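FYI, side chains are in, hydrogens and waters are out, and symmetry mates aren't considered; it's all heavy atoms of this structure. Quick caveat: nothing in here was measured; it's all calculated off a predicted structure. Lettering of chains follows the sequences in order, A, B, ..., and the numbering in each one begins at 1.
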There are 2 protein chains.
Amino acid sequence: MEAFKRAWTLEGEPFWSAVFFMHQDKMQVKNPKVAIFNLEKIITATFKLANAKGFQAMSLRDLSRETGISMGGLYAYIGSKNDLASVIEGVLRTYIDRVIGELVDEDLDPVDRLQAIICGEIFMIQIMNPWYYFCYMELKGLDKEQQQQAMDLELRFDSLLVDAIQSGISKGQFVCEKPTLLAASVTAQLQQWHLKHWKFKLHEVSMEEYAEHILESMLRCLQYEGAARSIGRRK
Amino acid sequence: MEAFKRAWTLEGEPFWSAVFFMHQDKMQVKNPKVAIFNLEKIITATFKLANAKGFQAMSLRDLSRETGISMGGLYAYIGSKNDLASVIEGVLRTYIDRVIGELVDEDLDPVDRLQAIICGEIFMIQIMNPWYYFCYMELKGLDKEQQQQAMDLELRFDSLLVDAIQSGISKGQFVCEKPTLLAASVTAQLQQWHLKHWKFKLHEVSMEEYAEHILESMLRCLQYEGAARSIGRRK
DNA sequence: GTCTATACAACGATAGAC
DNA sequence: GTCTATCGTTGTATAGAC
């Protein structure tokens, strides 16, 4: 988990530095040191406010108060309010794209491939929780093109699962009539990890426990022989 | 399906009449005939606008244009903008409560019980699609009390599934280590029917096909003996 | 690079004529 | 029961001092 974070540069100063360099062209503040510091404050505050009462309901005056940066000051970092949401979606999509690209390892056994995809994605969601939640809930507010790209990305993730399923079918390990529906169901369950965090907290379910449950359920649906025994073996 | 609609009065004039009588005390317009007619126009227009760009982003001027009712006129039907959202959530929750209450039939075989719950809920979502989507996406904008009630309702639905699962376990029909997680997963899959309508449309999946898929997957997870054969038998 | 001050459009909401 | 006209507020965004 910690290794995963470091491997993808998903936290700390290096991460925010990468976010900064992704759109420094749109920013007036050129000094990286101060720009990175404040950009993190702005985006973090946006998550706090938007994930509590919605991005549209959050005003830039709220954001100014929360960050301690004046209204005028904010506009040195963002082009407009909508631009802020757009940037956040863009960063997350870029990162997911990058991780998804690496998640494809056709040499692995189908079961291990599924495990890699599920664990990889749930790690991602766990680490970038507010990013996922924000993009899920505020997608409507972005322009049509960005909405389409987000949908395409989700379909690409589903395809990743479908490919692994079909590889298992052709190897005689799995039986599945509707791989598309099964993949969509797994994606839905993964998204629950950020959408329904309150429920997992209430039932005291850990991330590892949940990932294992998703994989195990999936293998049962695939009528995988070692489904029951795989619980202890894979850890 | 049609019988289901009629049985629960989920469509047409009788439905909107019921909605009207639920909040006629809050409305200035007392003539039922005209009140019901316009209330339907207002709520339908709210769904169109809010489900396209979000409730907060929708202005009452938008709503006025869409309904053909003047700004001043709108306030004869709603107390405030937030009141409108609150009313919508209240109506849906009342109806779900009513249907859920009837879905408990302890005499049924556990498998039939699960099928009744899944089919009942997906019928509900299908018929009241915009209501569900609106309440899911705009819950953050409502007051804490209403948010809590919505969460309680979802937990109550999960419990319905857990009860049926446990009844099957004690009868020796099912095997399940974590009924709570399985129930949450089924709830998530049902919610997809309104959350990800675009995906099912893209893959040309019908409601009946999807309901069957959810039930079948669930039975496999429960290691139900007749899982494979149940597909043809239950229709 | 950050602030204060301000522009001005759009918002929710109401009063009062009809 | 519905409209027009208008109130006061709040929103995003910018100009210009420092």
Side-chain angles (χ1 to χ4, degrees), chain A residues 16-17 20-21 23-43 45-46 49-50 52-88 138 141-143, chain B residues 16-17 20-21 23-43 45-46 49-50 52-88 138 141-143:
Chain A
W16 291 104
S17 178
F20 163 67
F21 285 115
H23 28 265
Q24 57 176 322
D25 47 319
K26 287 186 191 169
M27 289 173 37
Q28 293 170 31
V29 182
K30 293 303 173 190
N31 180 338
K33 204 92 182 170
V34 63
I36 292 167
F37 178 77
N38 280 327
L39 194 63
E40 172 172 359
K41 265 210 297 194
I42 291 171
I43 295 184
T46 302
L49 294 166
K53 59 175 177 176
F55 182 70
Q56 290 287 349
M58 168 197 95
S59 74
L60 291 186
R61 285 187 171 97
D62 291 334
L63 190 59
S64 167
R65 207 177 308 118
E66 185 71 28
T67 55
I69 302 168
S70 70
M71 290 275 311
L74 286 177
Y75 280 88
Y77 296 90
I78 58 170
S80 70
K81 193 188 173 187
N82 280 341
D83 176 57
L84 174 58
S86 171
V87 161
I88 291 173
E138 308 298 342
L142 303 172
D143 50 293
Chain B
W16 291 104
S17 177
F20 163 67
F21 285 116
H23 318 269
Q24 57 175 321
D25 46 322
K26 287 187 191 169
M27 289 173 36
Q28 291 171 33
V29 182
K30 294 301 175 190
N31 180 337
K33 205 89 181 175
V34 62
I36 292 167
F37 178 76
N38 280 327
L39 193 63
E40 173 172 359
K41 265 210 297 194
I42 290 171
I43 293 183
T46 302
L49 294 166
K53 59 175 177 175
F55 182 70
Q56 290 287 349
M58 168 198 93
S59 74
L60 291 184
R61 285 181 170 86
D62 291 334
L63 190 59
S64 166
R65 207 176 309 119
E66 184 72 28
T67 55
I69 302 168
S70 68
M71 289 276 304
L74 286 176
Y75 280 88
Y77 296 89
I78 57 170
S80 71
K81 193 188 174 188
N82 280 341
D83 176 57
L84 173 58
S86 171
V87 162
I88 291 172
E138 308 297 345
L142 303 172
D143 50 291

How close or far is atom [atom2] of [N] from atom [atom1] of [X], stated in whole angstroms?
X	N	atom1	atom2	answer
B/Y75	D/dA5	OH	P	18 Å
B/K41	D/dT2	NZ	C1'	12 Å
A/M71	D/dT10	CE	P	14 Å
B/L60	D/dT2	CG	P	17 Å
B/Q56	D/dT10	CD	C1'	13 Å
A/K81	C/dA10	NZ	C1'	13 Å
A/L39	C/dT2	CG	P	12 Å
B/L74	C/dA13	CG	C1'	11 Å

Counting only N and O atoms by type, is there a donor-acceptor contact under 3.5 Å from the side chain of [X] to the main-chain atoms of [Y]?
X	Y	value
A/Q56	B/Q56	no
A/T67	A/L63	yes
B/K81	B/M58	yes

Phosphate OP1/OP2 of D/dT2 contacted by B/Y77 side-chain N/O (<4.0 Å):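 Looking at the OP1 and OP2 atoms of D/dT2, one of them is under 4.0 Å from a side-chain N or O of B/Y77.
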Within less than 4.0 Å of OP1 or OP2 of D/dT10, is there a side-chain N or O belonging to A/S59?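 So the side chain of A/S59 is outside the cut-off, no N or O lying under 4.0 Å from OP1 or OP2 of D/dT10.
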Are the side chains of [Y] and [X] in contact, using a 4.5 Å heavy-atom criterion?
X	Y	result
A/I78	A/V87	no
B/M27	B/L39	yes
A/I42	A/I69	yes
B/L74	B/L84	no

Residues two or more places apart in sequence or in another chain: which of them pass ring pair (Phe, Tyr, Trp, His ring centres under 6.0 Å) with B/Y77?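 Testing B/Y77 for ring pair (Phe, Tyr, Trp, His ring centres under 6.0 Å), a comparison that skips the adjacent residues, returns none.
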NZ of B/K30: more than 12 outside heavy atoms within 6.0 angstrom?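 Yes, the 6.0 Å shell around NZ holds more than 12 heavy atoms from other groups.
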Could you work out which one of [options] sits closest to the side chain of [X]?
X	options	answer
B/S70	D/dT12, C/dT14, D/dT2	D/dT2
A/I69	D/dA13, C/dA13, C/dC3	C/dC3
B/N38	C/dG12, D/dT2, D/dT12	D/dT2

Of residues 26-35 of chain A, the positions that come close to DNA chain D - non-hydrogen atoms, cut-off under 4.0 Å: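 Within residues 26-35 of chain A, no residue comes under 4.0 Å of DNA chain D.
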Close residues, residues 61-68 of chain A, relative to DNA chain D [heavy-atom separation under 4.0 Å]: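 Here the set is A/R61.
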